[in-house]
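Here's the structure we're looking at; comments come further down.
Only heavy atoms go into these numbers, but all of them, side chains included; no hydrogens, no water, no symmetry mates.
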Amino acid sequence: MAKIYFINLQDKKVAIEVSDEIAKQYRDSLREEWRGDAYEGYYSTSLEGITEAGHDFADKQANIEELYVERETQAERECLMRKLKAALPYLTDLQRKTIHKLFVLNMSQSEIAREEGVAHQVINKRVARIYAQLKALIKKV
């Protein structure tokens, strides 16, 4: 005689005495079930496991071409910003201050001209020269 164990409905471990032949059949069936679970766990992946691993599924409503172009545009923008940051030290102090006022402080060219006590055209020409110089520097970098 052998004992087999199982959990009843009240979550208690229960032992039953059965013949050796029935115990062997029960253990064999459990062994097959465990092998099947192990095989399934090894050769299959759940959707939850895939998403937890950082993979994502394509949205059927998403425009793949648009997403690709957006990523490419973002990469180009980041590259251009790196080149711009590398070119800024080559500008004079006055040019850097003018760029700072234009893009960081969001001042208009007229406001900069009033602040510096010069004509609007002076700032306009200075900004045009800065842009031309930056464009040339970015091509070199």
**OP:** Identify whether Leu137 and Leu94 are in the same connected component of the hydrophobic contact network (ILVMFWY, side-chain heavy atoms under 4.5 Å).
**Re:** no

Subject >> Side chain Glu32, main chain Ser29, donor-acceptor under 3.5 Å >> reply: no

Subject >> Cluster overlap Ile4 with Trp34, hydrophobic side-chain contacts below 4.5 Å >> reply: yes

Subject >> Inter- and intrachain pairs under salt bridge (charged side-chain N to carboxylate O under 4.0 Å, His left out), touching residues 124-137, at least two apart >> reply: Glu116-Arg126

Original post:
Between Leu80 and Leu84, is any pair of side-chain heavy atoms under 4.5 Å apart?
Top reply: no

Original post:
Going only through I, L, V, M, F, W and Y residues with side-chain contacts under 4.5 Å, is there a path from Phe103 to Ile123?
Top reply: yes

Subject >> side chain to side chain donor-acceptor pair (under 3.5 Å) pairs, two or more places apart, involving residues 11-25 >> reply: Lys24-Asp28

Original post:
Could you state the interatomic distance from CD1 (Ile22) to OH (Tyr26), rounded to the nearest 0.5 Å?
Top reply: 12.5 Å

Original post:
Between Leu30 and Tyr5, is there a shared hydrophobic cluster once you connect ILVMFWY residues whose side-chain heavy atoms come closer than 4.5 Å?
Top reply: no

Subject >> Working for side chain to side chain donor-acceptor pair (under 3.5 Å), residues Arg77 and Gln74 >> reply: CA-CA 5 Å; Arg77 191 176 303 125; Gln74 180 66 25; 2.8 Å; yes

Subject >> Non-hydrogen atoms of Ile112 and Thr98 that approach each other most closely >> reply: CD1-O, 4.2 Å

Original post:
Taking side chain as C-beta onward, heavy atoms only, is Asp93 less than 4.5 Å from Arg96?
Top reply: yes

Original post:
Between Leu102 and Ile130, is any pair of side-chain heavy atoms under 4.5 Å apart?
Top reply: no

Original post:
Rounded to the nearest 0.5 Å, how far apart are OH of Tyr131 and CD of Gln95?
Top reply: 12.5 Å

Original post:
So, do Gln133 and Leu91 sit near enough that their side-chain heavy atoms are less than 4.5 Å apart?
Top reply: yes

Original post:
Can you get from Ile16 to Met1 by hopping between Ile, Leu, Val, Met, Phe, Trp and Tyr side chains that sit under 4.5 Å apart?
Top reply: no

Can you give the donor-acceptor pairs under 3.5 Å from side chains of residues 104-111 to other protein atoms, not counting sequence neighbours?
| residue | atom | partner | partner atom | Å |
| --- | --- | --- | --- | --- |
| Ser108 | OG | Glu111 | N | 3.2 |
| Glu111 | OE1 | Ser108 | N | 2.8 |

